Amino acid sequence: MRKGELSMQVQKVNHHELFEQIYNYTPIGIALAAPTGQWMKVNPAFCRMTGFTGEELMKLSYRDLMHPEDCSKDLLYEAGMFESKSKECVYEKRYIKKNGEVLWCSFHVTLVSDEITFEPVYFIFHIMDITDRKLYERKLSRSEKILELIFENSQEVIFITNEKGEGQYCSPSAQHLLGYSPEEVISHHKSLVHPQDLESLRQIEMNSSHEMNLRIHHKNGYYIWFETTLKKIKQVGREQQIIAIGREISEGKINEVISAEAERIAKIGSWKWDIINNQITISDQVLEIFELARMHKRYRAKDVYKVMSSADVASLQEKIQGTEQGRPLVFEFKYVQSEDKVKYIHLRGIITYDKQHHPVELHGVLQDITEQKRIEFKLQESIERYTSLKKYNHDAIISFDMEGNIINANPAAVKMTGYRVPEMVSTSIGRFIGDSNLGLILRSHYELAEKKMNTVRHRDGHDTEVLTTLAPIIINNTNVGFYLIAKDITEQKNLLIAKETAERMNKAKSEFLAMMSHEIRTPMNGVIGMTDLLLDTPGLSPEQEEYIHIIKKSGDSLLAIINDILDFSKIESGKTELKNDPFDLKEIVTETLQIVKPLVREKKLDIRLHLDYAIPTLVYGDASRLKQVLINIIGNAVKFTPEGSVDVSVGVKDQFEEDVSLHFKVKDTGVGIPAEKRQQLFEPFYQLENFMTRKPQGTGLGLAISKKLIQLMHGDIWIEDSNEPGTTFIFTASLKLNNNDNEDATCAEHPLQMIQSTPLHILVAEDNEMNQLVLSRMIEKKGHCIDHVIDGEAAVEAVMRNAYDIVFMDVNMPRLDGLEATKVIKRSLSPEKSPYIIAVTANALRGDQERYLQAGMDDYISKPIKMETITEALEAYYIKKQSTPS
């Protein structure tokens with residue numbers, strides 16, 4: 001039977017009628033007596049026992065029926081029931097029946113007291129005729145035999161233990177009620193009691209009788225409820241015993257337990273407030289909700305108010321006053337147990353009136369709704385976050401149902417469409433995204449719709465270019481609509497167009513620089529190359545040598561300007577990559593000072609170097625770029641210091657496991673730099689004036705290039721504020737302490753074991769006559785044999801006919817350029833027979849060298865070509881030959 005059906009059947013029972021039936025037809029005598037002893041009500045069974053009619057008994061008291069020998073003491077007074085010391089009393093007495101016969105009776109007397117005053121109201125007597133038992137007792141020598149007879153035939157479970165809890169006796173009724181034999185109950189009685197009830201038993205002090213409800217395990221696996229009376233039996237000369245008599249009450253207790261369990265699960269307790277006497281009755285569940293122990297006192301309104309804040313008390317009192325006008329009591333408040341423990345309580349109640357319509361009682365339920373409140377708070381937080389997300393989102397968000405009707409929109413959508421939210425609601429979203437796109441959505445072609453929806457129509461007719469996303473609205477696992485999220489990409493598209501334009505311009509600039517590099521370096525090759533050759537010509541007069549030095553110095557200055565412009569262009573376009581090779585930092589700094597020392601001696605300056613002892617000997621990085629920065633900064637210090645000194649110091653700023661941060665400081669005693677010009681100093685093409693000559697020097701790119709190179713080294717550069725004369729440049733740079741990219745890297749130089757005096761057979765492939773002449777003369781001065789060709793096809797034919805050690809291959813030549821010629825040679829000859837090909841080009845942009853090496857060339861030199869460049873290229877050839885197995 002289901003719980004609801006059981007509850008309905010229980011509710012249909014007329015308890016009063018049931019009681020009357022039990023009262024009238026039970027074989028046990030039941031009577032009610034006033035505190036004066038007068039009989040108030042007797043049942044037919046008691047009348048049959050005594051032989052008196054009900055009317056006759058009403059005129060008598062319970063003392064009038066007592067046997068003369070039993071009238072000496074009043075057992076009700078003796079038991080203390082009149083003083084409310086005891087609620088019940090069980091005793092045996094002899095009564096005299098109407099016919100004069102003796103009637104032995106067993107009395108179970110229960111006192112009923114006033115709930116408020118606790119004064120005795122009446123006594124309930126349960127009377128059993130024990131005359132026959134008493135006759136048996138006279139015939140038996142010991143009372144144990146009488147008890148054993150009762151126990152053997154009792155419908156209750158009777159169990160006896162000693163004070164140690166050792167089982168001694170169990171009535172046979174256990175077999176029928178529990179499925180266990182009496183012997184099994186005696187052996188395992190502790191394990192049969194429910195653990196919670198067993199704990200309650202252990203806490204009882206057995207000085208008097210106790211009644212409690214216990215759950216006892218049935219052999220079939222379930223528990224049965226027993227109403228159990230426990231009493232200690234004291235017998236002279238014998239071990240004290242405890243007797244337990246249990247009467248099965250399972251059905252009624254199950255209903256009670258189910259009701260209590262339902263309240264516990266729902267966290268609901270009941271309460272009743274007697275308004276007249278200001279007394280509040282609360283259920284155990286209310287105490288459990290507030291985690292309070294039951295106090296043996298009457299609760300009043302002030303006790304309730306203690307668990308509330310003053311504001312909640314005032315609000316509750318106002319609500320209670322409202323119930324007197326017929327409004328139901330519905331109230332919520334927060335119960336703060338501690339700073340980190342808070343409960344939310346929901347209170348409901350209704351008022352009861354007397355006949356004069358005066359409020360006499362307020363009763364209702366109290367529920368712990370903490371969990372529901374937490375869910376509400378999370379939901380509210382989620383709603384607020386969602387609302388804020390929509391409200392402050394820069395993208396337009398429009399929600400619409402499965403028919404395309406708009407539900408809501410955010411402010412960004414209002415701005416994008418030109419319509420207010422009320423104007424959009426319940427209208428079709430098709431007017432903003434197009435009916436065809438809406439049709440795709442309604443037909444579930446979501447991906448296609450997202451691709452095709454690229455504009456949103458404004459109220460004034462113009463379209464906004466957007467990037468759209470569709471998100472389904474799912475409620476209870478059902479798709480009820482969609483969110484359209486539209487991002488305005490007008491600005492991004494403009495930025496993309498600007499980016500593409502900038503990239504085209506940058507590409508054009510790179511191509512222009514490549515062309516300018518080639519066009520300028522080609523004639524410069526002739527100028528600088530010829531000066532090197534002239535200076536190596538014997539018999540020059542001092543005047544001729546001076547003129548040639550002037551030409552060389554001018555050519556070098558022009559080349560430096562070209563290199564600065566190209567270098568800056570590469571850094572600006574992000575095409576500069578730093579090397580990660582090993583080098584000696586102290587050696588690099590020392591070499592830089594050696595470069596500027598001629599000018600230092602010329603100007604009679606003092607130059608001092610301070611190196612921190614903590615500087616690592618070996619570091620990894622781009623030594624040439626670091627040297628370029630040092631030459632720029634130290635060179636400027638020397639250039640703009642007419643007299644005095646230049647101090648250079650290098651120290652360790654921070655050192656970690658894999659890298660080191662270095663601190664460079666260059667201080668001079670020159671004319672200094674005004675504060676207002678320092679910000680512009682690192683800008684490109686800004687020329688620092690020589691305050692002695694008032695003339696600009698250089699391209700104005702040296703410091704701008706230095707700053708960008710330092711930034712690539714994860715450092716910074718600035719000018720230190722100082723009241724001292726001159727200028728102090730400070731910059732930092734980060735270098736590695738090991739090379740994880742190339743564990744086999746080594747800075748050891750390969751000693752040349754090859755005899756370099758052996759003449760080499762070299763082919764020069766160059767279409768420009770002047771460059772051909774310069775390159776040939778320089779190689780011939782090294783003692784090598786030269787052949788010439790003027791284009792790539794001729795170079796291929798020459799290599800196929802003759803065995804050359806080296807080919808200086810110009811990249812840009814007619815008919816077949818140097819790259820294609822190299823590819824043909826490398827494909828046609830084996831590596832052992834293929835010559836060492838060196839690219840010769842006027843291009844000096846990033847990527848050129850990589851492109852040449854990928855084409856199969858072995859080395860790369862750029863114009864204008866100097867004698868030392870030829871020397872380095874030949875040394876590289878010798879090193880490769882030495883490392884190549886023969």
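By convention here, the first residue in the shown sequence is residue 1. Just so you know, these numbers come straight off a predicted model, no measurement behind them.
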Short side-chain to backbone donor-acceptor contact, [X] and [Y], under 3.5 Å:
X	Y	result
His176	Ser173	no
Ser315	Ala311	no
Gln175	Pro172	no
Tyr23	Val42	yes
Thr228	Ile245	no
Ser270	Ser283	no
Trp271	Thr281	no

Does [X], at its [atom1] atom, have more than 12 non-hydrogen atoms belonging to other residues, nucleotides or ligands within less than 6.0 Å?
X	atom1	answer
Arg300	CZ	yes
Met128	CE	no
Glu166	CD	yes

Open item on the list: Could you walk me through whether Arg247 and Glu227 satisfy the salt bridge (Lys or Arg N to Asp or Glu O under 4.0 Å) test, starting with their C-alpha distance in whole Å, then the side-chain angles of each, then the deciding distance to 0.1 Å, before giving a yes or no?
Closed with: CA-CA 5 Å; Arg247 181 171 59 88; Glu227 183 181 63; 2.4 Å; yes
Open item on the list: Under the criterion side-chain contact (heavy atoms from CB on, under 4.5 Å), I'd like the reasoning laid out for Glu56 against Lys98: C-alpha separation, chi angles, the key distance, then a yes or no.
Closed with: CA-CA 10 Å; Glu56 290 172 335; Lys98 185 176 181 178; 2.9 Å; yes
Within-4.5 Å side-chain heavy-atom neighbours: [X] and [Y]:
X	Y	value
Glu184	Lys219	yes
Val330	Arg348	yes
Leu65	Leu103	no
Asn479	Met402	yes
Lys232	Glu163	yes
Ile350	His363	yes
Ile216	Val185	no
Ile116	Asn277	yes

Aromatic ring pairing [X]/[Y], orientation class (parallel under 30°, perpendicular over 60°, tilted between):
X	Y	value
Phe125	Trp39	perpendicular
Phe290	Tyr335	perpendicular
Tyr223	His217	perpendicular

How many angstroms lie between [atom1] in [X] and [atom2] in [Y], if you round to the nearest 0.5 Å?
X	Y	atom1	atom2	result
Phe226	Met212	CZ	CE	14.0 Å
Asp274	Leu362	CG	CG	11.0 Å
Phe333	Ile345	CZ	CD1	5.0 Å
Phe331	Leu366	CZ	CG	11.0 Å
Ile242	Leu201	CD1	CG	9.5 Å
Leu32	Phe123	CG	CZ	11.0 Å

Taking all heavy atoms of [X] and all of [Y], pick out the closest pair and write down the distance.
X	Y	result
Ala31	Phe46	CB-CD2, 4.3 Å
Lys164	Lys190	O-NZ, 4.3 Å
Pro182	Ser171	CG-O, 3.9 Å
His126	Ile30	CD2-CG1, 4.3 Å
Ala45	Ile28	CB-O, 3.5 Å
Ile186	Gly167	CG2-O, 3.4 Å

Open item on the list: Name the residue from Thr131, Asp132, Ile130 that meets the side chain to side chain contact (heavy atoms under 4.5 Å, CB included) definition with Lys134.
Closed with: Ile130
Open item on the list: Run the side-chain contact (heavy atoms from CB on, under 4.5 Å) test on Lys334 and Lys373 for me, step by step, so that the C-alpha distance in whole Å, both residues' side-chain angles and the decisive distance to 0.1 Å come before the verdict.
Closed with: CA-CA 10 Å; Lys334 184 167 65 173; Lys373 275 291 181 184; over 6 Å; no
- [ ] Mark yes or no: Lys93 above the aromatic ring of Tyr62, with NZ or CZ under 6.0 Å from the six-membered ring centre and no more than 45 degrees from the axis.
- [x] no
Open item on the list: As a quick check of understanding, evaluate side-chain contact (heavy atoms from CB on, under 4.5 Å) for His189 and Val193, giving each step before the final call.
Closed with: CA-CA 7 Å; His189 66 279; Val193 181; 6.0 Å; no
TODO: May I ask you to check whether Arg215 and Gln196 show a side-chain donor-acceptor distance below 3.5 Å?
DONE: yes
- [ ] Run the numbers on Leu177 and Ile224 for side-chain contact (heavy atoms from CB on, under 4.5 Å), then give the verdict.
- [x] CA-CA 9 Å; Leu177 293 173; Ile224 298 177; 5.6 Å; no
